[in-house]
Amino acid sequence: ILAALDKPTKGEVFLDNKKMSEIKDKELSAFRRDNLGFVFQDFNLFPQYNVLQNLTLAPSLLKMGTKEELEAQARQIIKKVGLEEKVDFYPSQLSGGQKQRVAIARALMLNPDILCFDEPTSALDPELTGEVLRVIKSLKDTGSTMIVVTHEMEFARNVSDKVMFMADGVVEEMGDPAQIFDNPRSEKTRAFLANSLEKL
């Protein structure tokens, strides 16, 4: 809904003071490209391209720089996510955690104002989950807004500026992490947290 890939059944969504419902369809792709970066739970890397090519493909098609400029930028971002030694590797040669870090790096190549993470660790085992969450945490001070859909409660508590708890398609409550985790008002929030934090 934030990216206007789906329409809300009621209410309005504003992004950068623009009412999303008023942006014409032909302008939406440019609006998404200029404002939003997506990291999906199943990586969505191009298997026929190596790490460097996965990062430079979209910006090169958009003519965002010369081949040399884009490759230099990509190498900097790859280093930021700790994969400089894998720059020539293909997705099939990477672990799940490494693939997700490449997906994050690819999203960063377009300098998005908002980074949307859709359950970025759900396909990973606990060790790989930790490495991806560390990368996301390191991006907190880059200037981009990050929206992270996650079931990693300790991560949400320790990294978030604001937490929204949803259940059955309804926002149960929203607030700063201390309020949500230490003094939840909703019975559903309390039940979920009791169950989730018990497993940690």
Side-chain angles (χ1 to χ4, degrees), residues 1-3 13-18 31-45 51 54-55 58-59 64 72-87 94-166 171-184 189 192-193 196-197 199-200:
I1 287 174
L2 174 66
V13 176
F14 291 84
L15 185 58
D16 195 22
N17 293 320
K18 292 184 178 70
F31 184 83
R32 288 188 200 103
R33 181 190 70 225
D34 295 341
N35 293 277
L36 296 159
F38 295 94
V39 179
F40 303 97
Q41 56 187 322
D42 53 359
F43 323 130
N44 285 351
L45 299 178
V51 169
N54 261 282
L55 266 69
M64 294 176 67
Q73 181 187 349
R75 288 178 189 279
Q76 284 184 334
I77 293 175
I78 290 167
K79 186 174 182 180
K80 185 183 291 186
V81 300
L83 290 174
E84 57 267 42
E85 295 177 2
K86 306 288 185 182
V87 70
L94 303 174
S95 71
Q98 290 167 343
K99 289 177 188 175
Q100 194 60 291
R101 285 189 277 157
V102 173
I104 293 169
R106 183 177 61 181
L108 292 172
M109 279 294 289
L110 297 176
N111 300 312
D113 295 322
I114 300 173
L115 268 171
C116 300
F117 295 87
D118 179 15
E119 290 280 8
T121 60
S122 66
L124 307 176
D125 64 37
E127 183 180 346
L128 299 179
T129 291
E131 75 181 46
V132 170
L133 293 180
R134 282 191 292 276
V135 168
I136 296 173
K137 185 176 181 180
S138 74
L139 299 175
K140 187 173 178 185
D141 299 322
T142 60
S144 290
T145 296
M146 294 192 292
I147 298 173
V148 185
V149 178
T150 185
H151 285 86
E152 300 291 337
M153 292 299 97
E154 282 298 323
F155 175 76
R157 189 207 308 249
N158 296 329
V159 176
S160 302
D161 296 311
K162 187 175 287 188
V163 174
M164 176 190 294
F165 178 72
M166 298 182 71
V171 176
E172 285 291 319
E173 57 185 303
M174 182 167 61
D176 64 63
Q179 183 263 303
I180 298 293
F181 285 97
D182 300 331
N183 189 29
T189 309
F192 176 80
L193 290 175
S196 299
L197 297 175
K199 295 175 182 175
L200 296 174

Q. Is the closest side-chain heavy-atom distance between Asn111 and Gln73 below 4.5 Å?
A. yes
**Q.** Partner of Phe43 by side-chain contact (heavy atoms from CB on, under 4.5 Å), out of Gln98, Lys99, Arg101, Arg106
**A.** Lys99
Q | Student check: side-chain heavy atoms of Leu108 and Leu139 closer than 4.5 Å | A | yes
Q) Given side chains that start at C-beta, do those of Leu115 and Ile136 come closer than 4.5 Å, heavy atoms only? A) no
Q: With rounding to the nearest 0.5 Å, note down the distance linking CE in Met153 to CZ in Phe192.
A: 4.5 Å
Q | Whether Asp176 side chain and Ala178 backbone form a donor-acceptor pair below 3.5 Å | A | yes
Q. Any side-chain heavy atom of Leu36 sitting closer than 4.5 Å to one from Leu2?
A. yes
Q | Thr189 OG1 to Glu172 CD distance, which is reported to the nearest 0.5 Å | A | 5.5 Å
(Q) Do Leu15 and Phe31 have side chains that approach each other closer than 4.5 Å (heavy atoms only, starting at C-beta)? (A) yes
(Q) Distance check, rounded to the nearest 0.5 Å: Asn35 atom CG versus Arg32 atom CZ? (A) 11.0 Å
Q | Side chain proximity check, Asp16 to Asp113, heavy atoms < 4.5 angstrom | A | no
Q) Nearest heavy-atom pair of Val87 and Ile78: which atoms, and what distance? A) CG2-CD1, 3.7 Å
**Q.** Flag side-chain contact, heavy atom, 4.5 Å: His151 against Ser122
**A.** no
Q) Does NZ belonging to Lys140 count more than 12 external heavy atoms closer than 6.0 Å? A) yes
(Q) Pair Leu83, Leu94 - check side chain to side chain contact (heavy atoms under 4.5 Å, CB included), show working. (A) CA-CA 10 Å; Leu83 290 174; Leu94 303 174; 5.7 Å; no
Q | Nearest heavy-atom neighbours spanning Lys79 and Glu84 | A | CA-OE1, 3.7 Å
(Q) Ignoring hydrogens, what is the shortest heavy-atom contact between Val163 and Ala156? Give both atom names and the distance. (A) CG2-O, 4.1 Å
(Q) Is the shortest side-chain heavy-atom distance between Leu193 and Phe165 below 4.5 Å? (A) no
Q) Can you tell me how far the OG atom of Ser144 sits from the CD1 atom of Ile114, to the nearest 0.5 Å? A) 9.0 Å
**Q.** Approximate separation, where rounding is to 0.5 Å, of Leu110 CG and Met64 CE
**A.** 5.0 Å
Q. What are the two closest non-hydrogen atoms of Pro120 and Gln100, and how far apart are they?
A. O-NE2, 2.8 Å
Q. Which atom names give the shortest non-hydrogen contact between Leu133 and Phe155, and what distance separates them?
A. O-CE1, 3.6 Å
Q) Could Arg134 and Glu131 be called an ion pair, given the rule that one side-chain N must be under 4.0 Å from one carboxylate O? A) no
Q: Of all the heavy-atom pairs spanning Ala105 and Leu55, show the shortest one and how long it is.
A: CB-CD2, 3.8 Å
Q: Measure the CG-CZ distance between Leu45 and Phe40 for me, rounded to the nearest 0.5 Å.
A: 11.5 Å
